[in-house]
Amino acid sequence: MAATTGAAEGAASDSKGPISSIPSMDSPTIQYSMVLEHLVGEKRPIKDLSPGVMGGLPVPPKSDEQKMLERGMESCAFKSVLACVGGFVLGGAFGVFTAGIDTNVGFDPKDPLRTPTAREVLKDMGQRGMSYAKNFAIVGAMFSCTECIIESHRGKSDWKNAVYSGCVTGGAIGFRAGLKAGVLGCGGFAAFSAAIEYYLR
């Protein structure tokens with residue numbers, strides 16, 4: 001009988017572990033609130049999940065030079081310079097195109113019967129192209145700069161930024177010809193900007 005009891009106790013200790021592994025009353029109890037603090041609370045460890053872990057392509061961490069370059073490209077000064085250069089090129093091309101289809105290029109009002117030379121035609125085309133390029137560059141730089149400032153101030157990127165920027169740009173250009181022209185320029189440029197934003201979005 002004693003042998004049977006010893007064998008049963010040995011089997012129980014082999015299958016469920018030693019009897020001393022049962023937690024005693026002296027060991028500290030685990031509270032549910034402490035577990036929650038480590039799982040979802042303030043003590044939860046923050047893991048930096050890379051795109052490779054989430055199923056995307058692994059992306060190496062950005063260096064300080066790359067971050068500085070991105071901040072420079074997102075600045076209002078860079079956007080204004082880029083819009084100025086783009087407006088200059090676009091305005092120059094538009095001016096040369098309009099001069100090419102204009103029959104009065106090289107026309108001399110003092111001698112209307114004289115046929116203009118190729119040099120005179122090219123000179124007038126260059127002057128018109130430069131005039132258009134300067135105007136487009138100024139408008140592009142003003143619009144881009146004001147839009148970037150308004151977007152930074154509002155903290156939102158929506159169609160209202162373009163409308164506000166268009167009103168400021170059109171009003172500033174029109175005020176040179178008077179108050180009425182400034183108001184018309186503000187309204188017209190704002191409407192044009194709203195139409196472009198609606199078409200693009």
Side-chain angles (χ1 to χ4, degrees), residues 51 54-57 59 62-109 112 116 118-201:
M54 301 299 292
L57 297 176
V59 179
K62 297 179 181 179
S63 62
D64 295 336
E65 290 80 7
Q66 289 177 332
K67 293 179 180 179
M68 184 176 63
L69 184 61
E70 287 183 356
R71 286 194 299 268
M73 294 180 67
E74 293 175 358
S75 64
C76 295
F78 179 80
K79 291 180 180 179
S80 300
V81 172
L82 188 63
C84 181
V85 174
F88 186 86
V89 174
L90 182 62
F94 186 73
V96 172
F97 173 75
T98 55
I101 61 177
D102 189 2
T103 57
N104 292 327
V105 174
F107 176 76
D108 188 5
R119 178 177 293 181
E120 292 174 348
V121 172
L122 292 176
K123 183 179 179 181
D124 286 352
M125 290 176 65
Q127 290 177 350
R128 182 177 295 189
M130 184 60 65
S131 176
Y132 275 70
K134 290 180 180 178
N135 292 333
F136 273 63
I138 293 172
V139 171
M142 289 179 60
F143 182 84
S144 179
C145 183
T146 53
E147 184 182 20
C148 181
I149 293 173
I150 293 172
E151 181 178 347
S152 301
H153 179 71
R154 295 182 67 234
K156 296 179 181 179
S157 178
D158 54 10
W159 60 272
K160 293 181 181 180
N161 296 331
V163 174
Y164 296 153
S165 177
C167 181
V168 172
T169 304
I173 295 174
F175 272 130
R176 295 182 299 177
L179 180 61
K180 184 177 180 180
V183 173
L184 292 177
C186 173
F189 218 108
F192 179 74
S193 301
I196 293 297
E197 283 292 320
Y198 178 79
Y199 177 76
L200 292 178
R201 292 178 185 267

Any side-chain heavy-atom pair from T98 and R128 closer than 4.5 angstrom?
-> yes
Considering all heavy atoms of both residues, which atom of F143 and which atom of A162 are nearest to each other, and what is their separation?
-> CE1-O, 3.6 Å
What's the spacing between S131 OG and F136 CZ if we round to 0.5 Å?
-> 10.0 Å
In terms of SG positions, are C76 and C145 separated by less than 2.5 Å?
-> no
Which one of L184, V168, V163, V139 satisfies the side chain to side chain contact (heavy atoms under 4.5 Å, CB included) criterion with F189?
-> V139
With rounding to the nearest 0.5 Å, note down the distance linking CD1 in I149 to CD in E151.
-> 11.5 Å
Of all the heavy-atom pairs spanning F88 and A133, show the shortest one and how long it is.
-> O-CB, 3.2 Å
Between the CG atom in N161 and the CD atom in E197, the distance rounded to the nearest 0.5 Å is 8.5 Å
State, yes or no, whether a side-chain contact exists between L122 and R119 at a heavy-atom distance under 4.5 Å.
-> no
Taking every heavy atom of G174 against every heavy atom of A181, the minimum-distance pair comes out as O-CB, 3.3 Å
pair E147-K79: side-chain heavy atoms closer than 4.5 Å | no
Tell me, do K180 and F175 make a side-chain contact under 4.5 Å, heavy atoms counted?
-> no
Disulfide (SG to SG under 2.5 Å) pairs, two or more places apart, involving residues 169-201 | C167-C186
Ignoring hydrogens and angles, tell me if any N or O in the side chain of T146 forms a donor-acceptor pair with the backbone of M142 under 3.5 Å.
-> yes
Exercise: identify the closest heavy-atom pair between F78 and M73 = CD2-O, 3.2 Å
Scanning both residues in full, the closest heavy-atom pair of S144 with S80 reads OG-N, 3.8 Å
